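One structure below.
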Protein chains: 2
Amino acid sequence: MTQPPSLSDRLRRGDVLAAACPSREVLRHVTGRWAVLILIVLEEGTQRFSALRRRVDGVSERMLAQTLKHLEHDGLVARVSHAVVPPHVDYTLTPLGEEAAAHVRRLADWVEANVPQIVAARG
Amino acid sequence: MTQPPSLSDRLRRGDVLAAACPSREVLRHVTGRWAVLILIVLEEGTQRFSALRRRVDGVSERMLAQTLKHLEHDGLVARVSHAVVPPHVDYTLTPLGEEAAAHVRRLADWVEANVPQIVAARG
DNA sequence: CCGCATCCTTTAAGATACTG
DNA sequence: CAGTATCTTAAAGGATGCGG
């Protein structure tokens, strides 16, 4: 149980409860279906496109590319393209991305640890 | 930078990177567009449907009802319906829900605190 | 009147094929 | 290899109705 945030807080730092606040969009990107998994995998270190595609089971190339673009746009992921044949593109977390990844990883860890209890409670 | 999880970990507690693992579905529910905001508001205490609708700016009644149903199904939210006219339905976090809410709130707090930097970096 | 359920429209996601 | 373009399919969202 916490108290509602003060007005000064809501003006100074953005407010996810306000529909017009840009934090809403960032939160949507970070908590996106594939973004969560990509951030977790990238926390292990730099990965190439194809490696991400293999680690994040079930992601399509289209969604992987789109999600990486969003994360890059938000400054959470850095894209480095090596001009060689065949092409070689590396994706790395920025310092900001490392922080975001740590948060979503803690959440995912919690889900993984509690999923047996959750599934059991469903009957 | 962390290391890839051991095989025993991936079998014992669920693995969000495996498409078939039920943790994927739970993670999707918890990180859903509206679920994140609903969990945060419910952390302040029990709320009724109409109050949630007002606090979570932009949510439709349909999405609010659907998301609450998912969270209830996962055992994160408890629904108490008082048989009065006009109807009165209360939603409360379960102990499990409190934990989940704490995690998503920390993530949302981080986003709110860093959104100025993120928006600025976009140019 | 509040809390949904149902219908219908709009948007996002997924599969597939193709190019620098 | 690392994407993009195109098409199909599923999910999100909005308007409306209805039972309690």
Side-chain angles (χ1 to χ4, degrees), chain A residues 16-20 24-39 41-42 45-74 77-93, chain B residues 16-22 24-39 41-42 46-74 77-92:
Chain A
V16 293
L17 294 178
R24 272 280 186 91
E25 191 192 353
V26 175
L27 188 63
R28 277 199 75 183
H29 288 168
V30 170
T31 61
R33 171 172 186 179
W34 302 116
V36 172
L37 306 177
I38 291 169
L39 288 171
V41 170
L42 282 179
T46 299
Q47 313 266 340
R48 340 179 16 166
F49 189 89
S50 54
L52 284 170
R53 179 142 171 51
R54 280 189 298 272
R55 289 288 325 267
V56 180
D57 188 23
V59 71
S60 67
E61 294 185 348
R62 186 186 180 280
M63 282 300 101
L64 181 56
Q66 188 179 105
T67 306
L68 284 168
K69 221 181 263 186
H70 286 151
L71 295 175
E72 188 192 2
H73 183 237
D74 289 344
V77 164
R79 179 183 179 278
V80 178
S81 176
H82 302 91
V84 294
V85 178
H88 184 120
V89 182
D90 283 329
Y91 290 92
T92 312
L93 291 178
Chain B
V16 294
L17 294 178
C21 181
R24 271 280 186 90
E25 190 192 353
V26 175
L27 188 63
R28 278 200 73 185
H29 288 168
V30 170
T31 61
R33 173 174 185 179
W34 302 115
V36 173
L37 306 178
I38 290 168
L39 288 172
V41 170
L42 282 179
T46 299
Q47 312 266 341
R48 42 187 304 188
F49 188 88
S50 53
L52 283 169
R53 179 143 171 51
R54 280 189 298 272
R55 288 289 321 269
V56 180
D57 188 23
V59 70
S60 68
E61 294 186 348
R62 187 190 180 283
M63 283 299 103
L64 181 56
Q66 188 179 104
T67 306
L68 285 169
K69 214 184 271 184
H70 286 151
L71 294 176
E72 189 193 2
H73 183 236
D74 290 344
V77 164
R79 178 184 180 277
V80 178
S81 175
H82 302 91
V84 294
V85 178
H88 183 118
V89 182
D90 282 329
Y91 290 92
T92 312

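From a predicted model like this one, the values you see are computed outputs, not experimental measurements. So you know, we letter chains A, B, ... as the sequences are listed, proteins then strands, and number each from 1.
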*Provide, to the nearest angstrom, the distance between the CZ atom belonging to Arg28(A) and the P atom belonging to dA12(C).*
7 Å
_Without decimals, in angstroms, what is the distance between Gln66(B) CD and dA12(D) C1'?_
8 Å
*asked:* Which nucleotide wins on minimum distance to the side chain of Arg48(A), given the candidates dC1(D), dC4(C), dG3(D)?
replied: dC1(D)
When you compare the protein's N or O atoms with those of nucleotides 15-20 of chain D, which come within less than 3.5 Å of each other, and at what distance?
none

*Do the side-chain N or O atoms of Ser81(B) get closer than 4.0 angstrom to the phosphate oxygens (OP1, OP2) of dG3(C)?*
no
*asked:* Go nucleotide by nucleotide along DNA chain C from the 5' end; which of Phe49(B) and Arg53(A) gets its closest nucleotide reached first?
replied: Phe49(B)
*Specify the separation, in whole Å, of atom CG of Leu64(A) and atom C1' of dC1(D).*
13 Å
*Under 3.5 Å donor-acceptor, Arg24(B) side chain and Val16(B) backbone*: yes
*Phosphate oxygens OP1/OP2 of dA12(D): is one of them under 4.0 Å from a side-chain N or O of Trp34(B)?*
no
*From the options dA12(D), dG14(D), dA13(C), select the nucleotide whose nearest atom is closest to the side chain of Ser60(B).*
dG14(D)
*Between dA11(D) and Arg33(A), is there an OP1 or OP2 to side-chain N/O distance shorter than 4.0 Å?*
no
*Return the orientation label for the His70(A) and His29(A) ring planes: parallel under 30°, perpendicular over 60°, tilted otherwise.*
parallel
*Measure from the side-chain heavy atoms of Met63(B) and tell me the nearest of dA13(C), dG3(C), dA12(D).*
dA12(D)
*If you check every side-chain atom of Tyr91(B), which of dA2(D), dC4(C), dC2(C) has the closest atom?*
dC4(C)
*OP1 or OP2 of dA5(C) less than 4.0 angstrom from a side-chain nitrogen or oxygen of Lys69(B), does that happen here?*
yes
